[in-house]
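What's counted below: heavy atoms across the whole structure, side chains too, no hydrogens, waters or symmetry copies. In the text below, chain A, chain B and the rest are named by the order of the sequence lines, each starting its count at 1.
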2 protein chains.
Amino acid sequence: MGGKKTTIQNHIKRVRLARTDLSQAALAEQVGATRQTIIAVEAQKYAPSLELAFRIAHVLGERIDELFVFSPEWN
Amino acid sequence: MGGKKTTIQNHIKRVRLARTDLSQAALAEQVGATRQTIIAVEAQKYAPSLELAFRIAHVLGERIDELFVFSPEWN
DNA sequence: CGTGAATGTAAAATATACTTTACATCAAAG
DNA sequence: CTTTGATGTAAAGTATATTTTACATTCACG
């Protein structure tokens, strides 16, 4: 109990394509980040900072805990 | 439009004291961080990572977007 | 075919979060 | 008064996120 492994996956790419017509570059500009950051985050290379996560969710019109799926340890 | 200044404030201390009897050290242990990190985050010195934010919200039984208040630019 | 927009990879540099260690203060309890 | 738990500050080091720059690929379009 009390294991430490948690994971976060995001649905940015899906939501970006489904609900907007923003390119990665356009989304990057709107959230005040670079294209590289969006590419890396969408590719699940690493999780964004909390602030960037909020900004992306805000621009995409999704709740942060729907856009980013947190998986705590279940055992 | 598209200003970049956003802020994040958290209600960790309030929720921790109101809904649990966890000390900062106990909370730190439960979320897999150090006491220093909890102190700094509660003191609004910096925002935690997205993963740590999720873990804290999970342990405190609050939604992440209620525990952390995001303020986008309004102009 | 040739051009441009969109996506991707890679590496080095910078910024920020997090840890580790050490020490200080205060209130509650023996 | 002394000890102990909880909270706080500070500084150095490590880990991770983000930027910057450069180049490659694919696809729609003239």
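What separates CG of Leu52(B) from C1' of dA17(C) is a distance of 9 Å, to the nearest Å. Note: CG (Leu27(B)) to P (dA6(D)) measures 13 Å, nearest angstrom. What separates CD1 of Ile38(A) from C1' of dT18(D) is a distance of 11 Å, to the nearest Å. The NZ atom of Lys45(A) sits 15 Å away from the P atom of dT19(D) (whole-angstrom rounding). Between Gln44(B) atom CD and dT7(D) atom P there is a gap of 16 Å when expressed in whole angstrom units.
Looking at heavy-atom distances under 4.0 Å, Ala33(B) makes contact with sugar-phosphate atoms alone, never a base. Using a 4.0 Å heavy-atom distance criterion, Ala47(B) is classed as a sugar-phosphate-only contact.
In this structure, the side chains of Thr6(A) and Ser71(A) stay at 4.5 Å or more apart for every pair of heavy atoms. For the pair Leu17(A)/Leu22(A), no side-chain contact is recorded, criterion being any heavy-atom separation below 4.5 Å from C-beta on. In this structure, Ile8(B) and Phe54(A) have side chains that are in contact, with non-hydrogen atoms separated by less than 4.5 Å.
Taken over five-pair windows at either terminus, the axes of the helix from dC1(C)-dG30(D) to dG30(C)-dC1(D) are inclined to one another by 30° (rounded to 10 degrees).
OP1 and OP2 of dA6(C) both lie 4.0 Å or more from every side-chain N or O belonging to Arg16(A). Contact check, Lys13(B) against dA6(D): no side-chain N or O comes under 4.0 Å of OP1 or OP2.
A search for side-chain contact (heavy atoms from CB on, under 4.5 Å) contacts involving Ile39(A) returns Gln24(A), Arg35(A), Gln36(A), not counting sequence neighbours. Under the side chain to side chain donor-acceptor pair (under 3.5 Å) criterion, Gln44(B) pairs with Asn10(B), sequence neighbours left out. With sequence neighbours excluded, the residues satisfying side chain to side chain donor-acceptor pair (under 3.5 Å) with Thr37(B) are Thr34(B). In terms of the salt bridge (Lys or Arg N to Asp or Glu O under 4.0 Å) criterion, Arg14(A) has no residue partners (sequence neighbours excluded).
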Nucleotide-resolved protein contact map, nucleotides 20-27 of chain D, B/S/- at heavy-atom distance under 4.0 Å = BBB-----
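Projected onto DNA chain C by closest heavy-atom contact, Ser49(A) and Ala25(A) fall at different nucleotides, the more 5' of which corresponds to Ala25(A).
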